[in-house]
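Right, one structure below, let's go through it.
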Amino acid sequence: MGDIKNFVEELRWRGMIHDVMPETEEQMLKGMTAGYVGIDPTADSLHIGHLVGVMMLKHLQIAGHKPIALVGGATGMIGDPSGKSAERNLLSEAELRKNEEGIKNQLSKFLDFESDIPNRAKLVNNYDWMRDFSFLEFIRDIGKHITVNYMMAKDSVKKRIGADSKSGMSFTEFSYQLVQGYDFLYLYEHENCKLQMGGADQWGNITTGTELIRRKLGHENNAFALTCPLITKADGGKFGKTESGNIWLDPQRTSPYEFYQFWLNVSDEDAERYIKIFTLLSGPEIGNLIKEHKEAPHLRLLQKTLAKDITIRVHSQKDYESATSASEILFGKATTGMLRSIDEKTLLSVFKGVPQAEISKQEFEDGIPLLEFLSAKAGAFKSNGEARRMLRENGVSINKSKIKDDYIISGADLLNDKYILVQKGKKNYFLVKVL
RNA sequence: GGGGGGAUACCGAAGCGGUCAAACGGGGCAGACUGUAAAUCUGUUGGCUCAGCCUUCGGAGGUUCGAAUCCUCCUCCCCCCA
């Protein structure tokens with residue numbers, strides 16, 4: 001340890017810097033510095049949108065600095081107005097604590113909280129210091145140092161107060177930046193934390209913090225800010241969302257197979273950016289990968305490398321392997337015949353991440369209308385109408401063979417005597433088990 | 001407290017007495033093309049026992065042969081003045 005690497009430079013070549021406060025780089029080179037990222041505990045799991053912040057902390061630790069993950073128990077009860085057009089629902093304390101627990105577990109896959117090193121990672125919850133801070137104390141000791149004029153100048157506020165705002169802004173939301181700013185002040189004083197990082201949308205909130213530190217503690221007290229660009233998709237869509245919602249780190253919410261598939265499906269353009277952000281591969285390694293990928297784009301080396309790296313880190317080597325073998329069977333040249341030749345154990349492991357449904361043997365033998373089977377039973381469609389439509393569009397397969405609306409499900413369709421594979425389009429699979 | 005504006009399907013937004021299950025855009029889904037990519041093109045996007053029927057346009061009533069469209073009351077939101 002003791003070796004300090006150039007943290008800012010590392011993030012820079014990875015394209016992870018949107019904005020840095022002047023002299024931040026100098027500070028980070030002086031010696032071990034603590035830096036933090038705030039995480040909203042809106043759920044008991046992180047999703048991949050959180051991953052950028054987590055990676056920043058990871059790089060911070062690698063560079064020899066001390067990462068602090070701040071779970072925003074208190075701020076999470078308020079809701080950050082940045083980037084939101086409407087106020088959010090408030091969370092109860094019980095929910096917050098449960099969420100904190102889940103987040104903590106996931107973070108430890110990335111950060112070293114355990115070792116006996118000086119820059120061991122630390123997890124804090126701002127609820128613990130905000131809880132007993134009375135309103136009167138707060139406005140007297142903190143609110144005093146920041147003018148409303150200053151707060152109103154922030155984009156996050158202007159957007160909500162301007163004429164085109166649709167819902168106005170509550171005092172609670174308005175106070176948000178000050179509460180977050182106080183977090184920074186608190187960590188500065190108690191953890192000697194001099195840096196706050198976050199997404200580009202956090203710049204305003206972070207600088208309220210550095211401003212507060214300067215005004216309350218005096219000008220010799222300098223705190224720093226660094227933000228990374230908001231992760232986007234080349235086509236303008238939201239990063240980290242799919243039809244079925246967020247991509248979570250929790251395997252209960254997003255199976256390792258889906259997780260792997262998400263990264264594998266990233267576009268070429270995005271893959272080049274993502275691999276720098278979400279893996280720890282070195283510059284030269286990434287340069288080579290990009291070069292190789294361009295020579296044979298159809299092999300999708302970038303996507304595969306990216307997906308592998310993250311899946312193993314978040315899940316495990318084993319999960320990665322079963323995800324790839326499942327992908328192999330589902331997207332490879334597999335045919336109905338091949339499906340039939342797979343033994344039950346393999347079949348089940350392949351479809352571990354695929355939605356499954358059950359149907360009784362009795363019901364099956366009595367004969368079941370195709371539409372009902374596809375929608376109500378298999379769960380592939382929300383309504384019979386949708387199933388009908390998809391059949392018309394030639395988008396439904398059973399056991400990898402396209403079917404028409406006059407198809408009759410029978411015992412001949414059973415794989416291993418009890419499974420039927422329903423497929424909607426190319427990528428959506430559903431496994432029905434006949435018991 | 002006063003005045004004005006608004007609430008339409010996943011989102012944005014038309015419609016202002018029948019031809020409205022509701023234009024248009026975005027998003028979603030599917031098909032073609034491909035590399036399980038992007039771009040593009042096409043179809044589709046309330047439900048059903050689907051060429052017919054049923055339930056929808058903030059809520060409750062009313063006018064009318066007929067209402068998302070008119071009237072009354074209610075709820076919620078925004079803006080301006082005090």
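To find a chain, count down the sequence lines: A is the first, B the second, and so on, and within it residues start at 1.
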For the base of B:U36, is there a side-chain donor-acceptor partner from A:Q261 under 3.5 Å away? yes

Relative to the 5' end of RNA chain B, which residue comes earlier, A:K402 or A:V266, by the nucleotide with the nearest heavy atom?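 On the 5' side of the pair lies A:K402.
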
Which residue lies toward the 5' end of RNA chain B, A:H293 or A:K424, if each is placed at its nearest nucleotide? A:K424

Does NZ or CZ of A:R215 come closer than 6.0 Å to the centre of the six-membered ring of A:Y150, within 45° of the ring's axis?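 Satisfied, under 6.0 Å and within 45°.
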
Across all strands shown, which nucleotide pairs with [N] by Watson-Crick or G-U wobble geometry, both distances under 3.5 Å?
{"N": "B:C76", "answer": "B:G6"}
{"N": "B:A14", "answer": "none"}
{"N": "B:U55", "answer": "none"}
{"N": "B:U49", "answer": "none"}
{"N": "B:C41", "answer": "B:G31"}
{"N": "B:U64", "answer": "none"}

From the options [options], select the nucleotide whose nearest atom is closest to the side chain of [X].
{"X": "A:M390", "options": "B:U36, B:A30, B:U34", "value": "B:A30"}
{"X": "A:N265", "options": "B:A30, B:U36, B:A37", "value": "B:U36"}
{"X": "A:H298", "options": "B:G35, B:A38, B:G31", "value": "B:G35"}

Rounded to the Å, how far apart are [X] [atom1] and [N] [atom2]?
{"X": "A:F262", "N": "B:A37", "atom1": "CZ", "atom2": "P", "result": "14 Å"}
{"X": "A:Q423", "N": "B:G31", "atom1": "CD", "atom2": "C1'", "result": "14 Å"}
{"X": "A:E295", "N": "B:G35", "atom1": "CD", "atom2": "P", "result": "18 Å"}
{"X": "A:F331", "N": "B:A37", "atom1": "CZ", "atom2": "C1'", "result": "13 Å"}
{"X": "A:L289", "N": "B:A37", "atom1": "CG", "atom2": "C1'", "result": "17 Å"}
{"X": "A:K427", "N": "B:G31", "atom1": "NZ", "atom2": "P", "result": "10 Å"}
{"X": "A:L264", "N": "B:U36", "atom1": "CG", "atom2": "P", "result": "10 Å"}
{"X": "A:Y257", "N": "B:U36", "atom1": "OH", "atom2": "P", "result": "13 Å"}

Could you go over nucleotides 47-50 of chain B and give all protein N or O partners under 3.5 Å, atom names and distances?
unit_1: B:G47; atom_1: OP1; unit_2: A:S383; atom_2: OG; d: 3.0
unit_1: B:C48; atom_1: OP1; unit_2: A:N384; atom_2: N; d: 2.9
unit_1: B:C48; atom_1: OP2; unit_2: A:G385; atom_2: N; d: 2.9
unit_1: B:U49; atom_1: OP1; unit_2: A:N384; atom_2: ND2; d: 3.4
unit_1: B:U49; atom_1: OP2; unit_2: A:R388; atom_2: NH2; d: 3.1
unit_1: B:C50; atom_1: N3; unit_2: A:R388; atom_2: NE; d: 3.2
unit_1: B:C50; atom_1: N4; unit_2: A:R388; atom_2: NE; d: 2.7
unit_1: B:C50; atom_1: N4; unit_2: A:R388; atom_2: NH2; d: 2.4

Parallel, tilted or perpendicular for [X] and [Y], by the 30°/60° rule?
{"X": "A:F278", "Y": "A:Y274", "value": "perpendicular"}
{"X": "A:F259", "Y": "A:W263", "value": "perpendicular"}
{"X": "A:Y186", "Y": "A:W129", "value": "parallel"}

[atom1] atom, [N] versus [M]: distance in rounded Å?
{"N": "B:G28", "M": "B:U75", "atom1": "C1'", "result": "32 Å"}
{"N": "B:G59", "M": "B:C24", "atom1": "P", "result": "25 Å"}
{"N": "B:C57", "M": "B:A23", "atom1": "P", "result": "16 Å"}
{"N": "B:A68", "M": "B:U8", "atom1": "P", "result": "16 Å"}
{"N": "B:G17", "M": "B:G52", "atom1": "P", "result": "28 Å"}
{"N": "B:A7", "M": "B:A13", "atom1": "C1'", "result": "13 Å"}
{"N": "B:G46", "M": "B:C20", "atom1": "C1'", "result": "14 Å"}
{"N": "B:U55", "M": "B:A21", "atom1": "C1'", "result": "10 Å"}

Are A:N394 and B:A32 close enough that a side-chain N or O sits under 4.0 Å from OP1 or OP2? no

Check: A:K58 side chain, A:F110 main-chain N or O, donor-acceptor pair, under 3.5 Å: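 It does hold such a pair.
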
With no hydrogens and no angle check, is any side-chain donor or acceptor of A:N399 less than 3.5 Å from a backbone partner on A:L415? no

Using a heavy-atom cut-off of under 4.0 Å over every strand shown, decide if A:E393 touches base, sugar-phosphate, or nothing. base

I'd like to know if A:D128 and A:R131 make a salt bridge, using a cut-off of under 4.0 Å between side-chain N and carboxylate O. yes

A:Y419 pairs by side chain to side chain donor-acceptor pair (under 3.5 Å) with which of A:K433, A:E344, A:Q356? A:E344

Any chance you could lay out the ring-ring contact (aromatic ring centres under 6.0 Å, His included) test for A:Y257 and A:F351, step after step, and finish with the verdict? CA-CA 9 Å; A:Y257 164 76; A:F351 292 109; 8.5 Å; no

